[in-house]
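None of the values given here were measured: they were computed from a predicted structure. The sequence lines fix the lettering, A, B, ..., with proteins before strands; numbering per chain opens at 1.
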There are 2 protein chains.
Amino acid sequence: MDKPNSQEQFDTETRILRAARQVFFKQGMAGARMQDIADQAGVNKALLHYYFRSKDKLFQTIFTQAFQTMLESFKAIIASPMSITEKLESFIHVYISNMRLNPYLPLFIITEINKRPEVFPRQLVPEHQQVDLKKLFAQIQKEIAEGRIAPFQPMHLIMNVLGMSIFSFIAKPMMIHMLGVNEKQYEHFLNEREAQIIAFVRSALKTS
Amino acid sequence: MDKPNSQEQFDTETRILRAARQVFFKQGMAGARMQDIADQAGVNKALLHYYFRSKDKLFQTIFTQAFQTMLESFKAIIASPMSITEKLESFIHVYISNMRLNPYLPLFIITEINKRPEVFPRQLVPEHQQVDLKKLFAQIQKEIAEGRIAPFQPMHLIMNVLGMSIFSFIAKPMMIHMLGVNEKQYEHFLNEREAQIIAFVRSALKTS
DNA sequence: GTCTATAATGAGATAGAC
DNA sequence: GTCTATCTCATTATAGAC
């Protein structure tokens, strides 16, 4: 865990939420300890229950907000008036920036849904705020038809971009061990990542 | 959890190992319960301690073997006498096949190293059996120089392939919720995945 | 709202009979 | 080798003073 936040400027509830995010993101629901969260927040453990009643309720608060955050970066880009190439490059940029700030976020969401699928209702995301894939797909089809990009199935194209962007960050500890490189070397690699992915995608989408 | 294995044909130790793999892979070290493993194996809980002494020892056994498995599929491909394009496509094929059998494996390794970096020694992989990246990189550089594939940095090229292959599987629960699709639709998407990634990589590597 | 003390429970581990 | 019963401890949660 990092050093307890120098966050005396925040009220107790906020300090708990920030601390809970750090601990839950890294350790997950099962691995997190209420005492760790209290220490990290610099408050008494009993206060966590005073403000959030139970560990599970606190977790739900953190999880829901994390999921929304993840969703928002998706939707903002899709809705914007850009070409597909611009949108894809925007995806890459935004996700890599986010992963720099919050490397545990996607992994946290993935693993927690995995572990307790029953906890997350079928409609975790209400109908009206789901990602509007149809529009995006239509735009991709249109640009393909116009011969502006090479033909790939929209869903796969998007997954390719997400996979290349996100995986290299979440798999960092595994890759370091598998490849036998050190932290510094891997960080250097990650710094080049955005430019390299963009070049790769451009090359793939080039019409010949 | 799945139904208890109809694995009466295996001896007790094997049944425990198989059950432990299932439970640890899905729930992680912190989330797993010895009782769950015992139930899954169809044996008495005390036997887990008789055979493996502690939860931690049992976990170490499972983790180490999982990590070796992950490493082997890497190394086997790298060592084989194929062109880069063939090797990359072999990567894609092998990883997607493995993920079909064992969707939790990479996620398990990633999250457990994340949570307890101190547990895993710097040299989790002994020097002599590390992935021989140098050779692979040299081969890539050579094929680029010969104009057989477009120029990309070797490490990034490999990470692109791994990311596209692995991410779509490990992120399945997240994507299903984010995109508002159902399990069946996502499975259909995954079935097309191998061919789509190969097409994408070929397009990117094409020399113009 | 915040603290100390403590209850309640869950889960890993062991003893000892068979 | 396998089982039942039990010990021990960590952790969530609550009671009650301030």
> With sequence neighbours left out, what residues match Gln196(B) under side-chain hydrogen bond (donor to acceptor under 3.5 Å, both in side chains)?
Replying inline: none
>> Could you tell me the boundaries of the chain B footprint on DNA chain D, defined by atoms under 4.0 Å from its heavy atoms?
In response: dG1(D) to dT4(D)
>> Strictly by salt bridge (Lys or Arg N to Asp or Glu O under 4.0 Å), give each pair with a member in residues 55-71 of chain B just once, sequence neighbours left out.
In response: Asp56(B)-Arg116(B)
> For His49(B) and dT14(C), is the shortest distance between a side-chain N/O and OP1 or OP2 below 4.0 Å?
Replying inline: no
> Under the side-chain hydrogen bond (donor to acceptor under 3.5 Å, both in side chains) rule, what pairs show up with a residue in residues 164-175 of chain A, not counting sequence neighbours?
Replying inline: Ser168(A)-Arg193(A), Lys172(A)-Glu183(A), Lys172(A)-Glu187(A)
>> Does anything in residues 50-63 of chain A come within less than 4.0 Å of DNA chain D? Heavy atoms only, and list the residues if so.
In response: Arg53(A), Ser54(A), Lys55(A)
> Can you tell me how far P of dA11(C) sits from CZ of Arg33(B), to the nearest Å?
Replying inline: 5 Å
Tell me which donor-acceptor pairs under 3.5 Å the side chains of residues 42-51 of chain A have, and how far apart each pair is, sequence neighbours excluded?
unit_1	atom_1	unit_2	atom_2	d
Asn44(A)	OD1	Ala46(A)	N	2.8

> Can you name the side-chain hydrogen bond (donor to acceptor under 3.5 Å, both in side chains) partners of Gln139(B), sequence neighbours left out?
Replying inline: Lys87(B)
>> Give me each pair satisfying side-chain hydrogen bond (donor to acceptor under 3.5 Å, both in side chains) with a member in residues 75-85 of chain A, each pair once, sequence neighbours excluded.
In response: Ser83(A)-Glu86(A)
> Should the ring pair Phe91(B) and Phe74(B) be called parallel, tilted or perpendicular, given that the plane angle runs from 0 to 90° and is split at 30 and 60?
Replying inline: perpendicular
> For Gln35(B), what residues pass the side-chain hydrogen bond (donor to acceptor under 3.5 Å, both in side chains) criterion, not counting sequence neighbours?
Replying inline: Asp39(B)
> Residues in salt bridge (Lys or Arg N to Asp or Glu O under 4.0 Å) with Glu89(A), at least two apart?
Replying inline: Arg202(A)
Tabulate atom names and distances for all N/O pairs under 3.5 angstrom spanning the protein and nucleotides 4-6 of chain C.
unit_1	atom_1	unit_2	atom_2	d
dT4(C)	OP2	Asn44(A)	ND2	3.3

For residues 101-112 of chain A, tabulate all N or O donor-acceptor pairs below 3.5 Å that involve a side-chain atom, not counting sequence neighbours.
unit_1	atom_1	unit_2	atom_2	d
Thr111(A)	OG1	Leu107(A)	O	2.9
Thr111(A)	OG1	Phe108(A)	O	3.2
Glu112(A)	OE2	Met29(A)	N	3.1

> Within the structure shown, what part of the strands sits under 4.0 Å from Ala32(A) by heavy-atom distance: base, sugar-phosphate, or nothing?
Replying inline: sugar-phosphate
> Whole-Å distance between dT14(C) C1' and Leu47(B) CG?
Replying inline: 13 Å
